[in-house]
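Okay, structure first, notes after.
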Amino acid sequence: MPRPVLLVIAHGSRDPRHAETVHALVRRVRALRPGVRVETGFLDFNLPSVSGVLESLAAEGVRDVVALPLLLTRAFHAKSDIPAVLSEAPARLRIRQAEVLGPSPLLTAALERRLYEAGLSPADKSSTGVVLASAGSTDPEAIAVIAEIAREWRRTGWCAVRPAFASASLPRTGDAVRELRALGCARVAVAPYVLAPGFLPDRIARGAAEADVLADVLGPSPEVARVLLQRYDAARAPALTAVGA
């Protein structure tokens, strides 16, 4: 039985860095799992569109697809936009929507990788406060997840970890930086909990002006690629069980 096609669904952006980063991440996923066909579709701004990719796959005779939201939290896009697009797919396709990427210990490891690439070391953890800066959401579930990631990450040895949001929620990145300064952390680092560059990540960067360290976005880090494949495997598992694989 052929493996389902993995369709990575990205939001899309007018900022060309967004699509470039998504494609780099997909290339890493393909390298990790060469036996899986991986396609990319965008909800907005970029091509190919999700619906266009699904139409093409159906025309080729593909039957099984795992649709994977390239999202860190279960908010509006994962709960509404993506199911709506998938519901309009050609009837011959069997589509399973995978879970969003976060939370995951691998994503926390990717955040630390980016902080160390920006100049920190494990020896700095106990004296460094970290702002976990996400895009933000009006969805209470998504906000609660970010707060819980911050609490869990703090337990790994950082001086303190505070969540911040670029939109929709408070505090903003700059306010969280100042809070950690007031708390007495010797240095403050900002870790963007976002996948690709764009408008809101740029806002996070501006909010990090008073921080000592600003990490890069998660991007095509190996940990993110591994999470994608974990979500793919979990989504296709029911079908494997059904055929005794």
Q) Out of curiosity, does Val50 fall in the hydrophobic cluster containing Val5 (side-chain heavy atoms, cut-off under 4.5 Å, transitive links)? A) yes
Q.
Do the side chains of Asp64 and Arg94 get close enough for a salt bridge, i.e. N-O under 4.0 angstrom?
A. yes
(Q) How long is the straight-line distance from CZ of Phe45 back to NE2 of His18, given to the nearest 0.5 Å? (A) 9.5 Å
Q) Which heavy atom of Val62 sits nearest a heavy atom of Arg92, and at what distance? A) O-NE, 3.5 Å
Q: Determine whether the side chains of Arg187 and Thr128 contain a donor N or O and an acceptor N or O closer than 3.5 Å.
A: yes
Q.
Membership question, hydrophobic clusters at under 4.5 Å side-chain separation (ILVMFWY): are Val65 and Leu86 in the same one?
A. yes
(Q) Under a 4.0 Å threshold between the charged nitrogen and the carboxylate oxygen, would Lys79 count as salt-bridged to Asp139? (A) yes
Q | Distance, nearest 0.5 Å, that separates OG of Ser137 from CZ of Arg74 | A | 11.5 Å
**Q.** Check: Leu183 and Arg162 side chains under 4.5 Å, non-hydrogen atoms
**A.** yes
Result block: side-chain N/O donor-acceptor pairs under 3.5 angstrom for residues 190-209, not counting sequence neighbours:
from   : atom 1 : to     : atom 2 : distance (Å)
Asp202 : OD1    : Arg17  : NH2    : 3.2
Asp202 : OD2    : Arg17  : NH2    : 2.9
Arg203 : NH1    : Ala166 : O      : 2.7

Q) Which one of Leu132, Val161, Leu106 satisfies the side chain to side chain contact (heavy atoms under 4.5 Å, CB included) criterion with Leu111? A) Leu132
Q | side-chain contact (heavy atoms from CB on, under 4.5 Å) assessment of His11 paired with Leu70 | A | CA-CA 7 Å; His11 183 273; Leu70 197 61; over 6 Å; no
Q) Looking at side-chain heavy atoms only, is the closest gap between Leu71 and Ile82 below 4.5 Å? A) yes
Q.
Can you list everything that forms a side-chain contact (heavy atoms from CB on, under 4.5 Å) with Glu112? Sequence neighbours excluded, please.
A. Tyr116, Lys125, Trp153, Thr156, Trp158
Q.
Pair Val130, Leu115 - check side-chain contact (heavy atoms from CB on, under 4.5 Å), show working.
A. CA-CA 9 Å; Val130 178; Leu115 285 171; 4.3 Å; yes
Q) Would you call Glu152 and Arg154 a salt bridge, using N to O less than 4.0 angstrom? A) no
Q.
On a heavy-atom basis, which atom in Pro4 and which in Val36 lie closest, and how many Å separate them?
A. O-CG1, 4.2 Å
Q. Thinking salt bridges, do Arg3 and Asp233 make one under a 4.0 Å N-O criterion?
A. no
Q.
Quick check: do Val188 and Arg181 have side-chain heavy atoms less than 4.5 Å from each other?
A. yes
Q.
I need the minimum non-hydrogen distance between Asn46 and Ala19, along with the two atoms involved.
A. ND2-CB, 3.9 Å
Q) Looking only at heavy atoms, what is the nearest atom pair of Ala186 and Asp212, with distance? A) O-OD2, 4.4 Å
Q. Going hydrophobic residue to hydrophobic residue with side-chain gaps under 4.5 angstrom, can you get from Leu43 over to Val100?
A. yes
Q.
Count I, L, V, M, F, W, Y as connected when their side-chain heavy atoms are under 4.5 Å apart, and connections chain through other members. Are Leu57 and Tyr232 then in the same cluster?
A. no
Return a table of donor-acceptor pairs under 3.5 angstrom between the side chains of residues 22-30 and protein atoms on other chains or two or more places apart.
from  : atom 1 : to     : atom 2 : distance (Å)
Arg28 : NE     : Pro220 : O      : 2.6
Arg30 : NE     : Val38  : O      : 3.2
Arg30 : NH2    : Val38  : O      : 2.6

Q) Any side-chain heavy atom of Pro2 sitting closer than 4.5 Å to one from Arg37? A) no
Q. With distance as the sole test, does Arg96 use its side chain to make a donor-acceptor pair with the main-chain N or O of Ala235 at under 3.5 Å?
A. yes
Q. Is the shortest distance from a Lys or Arg side-chain nitrogen in Glu223 or Arg226 to a carboxylate oxygen in the other one below 4.0 Å?
A. no
Q: Please name the pair of heavy atoms, one in Arg231 and one in Pro103, separated by the smallest distance, quoted to 0.1 Å.
A: NH2-O, 3.3 Å
Q. Rounded to the nearest 0.5 Å, how far does SG of Cys185 lie from CD of Glu179?
A. 9.5 Å
Q) Is the shortest heavy-atom distance from the side chain of Leu68 to the side chain of Leu7 under 4.5 Å? A) no
Q. Does the distance from a Lys or Arg side-chain N to an Asp or Glu carboxylate O, for Arg178 and Asp175, drop under 4.0 Å?
A. yes
Q: With rounding to the nearest 0.5 Å, note down the distance linking CG in Leu228 to CG in Leu6.
A: 6.5 Å
Q) Does the pair Ser51 and Leu54 meet the rule for a side-chain contact (heavy atoms from CB on, under 4.5 Å), with working shown? A) CA-CA 5 Å; Ser51 58; Leu54 292 172; 5.6 Å; no
Q. Going by heavy atoms in the side chains, are Phe42 and Ile9 under 4.5 Å from each other?
A. no
Q: Please check if Leu47 and Val8 belong to a single hydrophobic cluster, counting links between Ile, Leu, Val, Met, Phe, Trp and Tyr side chain heavy atoms closer than 4.5 Å.
A: no
Q: Kindly give the heavy-atom pair with the smallest separation between Thr173 and Ala133, and that separation in Å.
A: OG1-CB, 3.8 Å
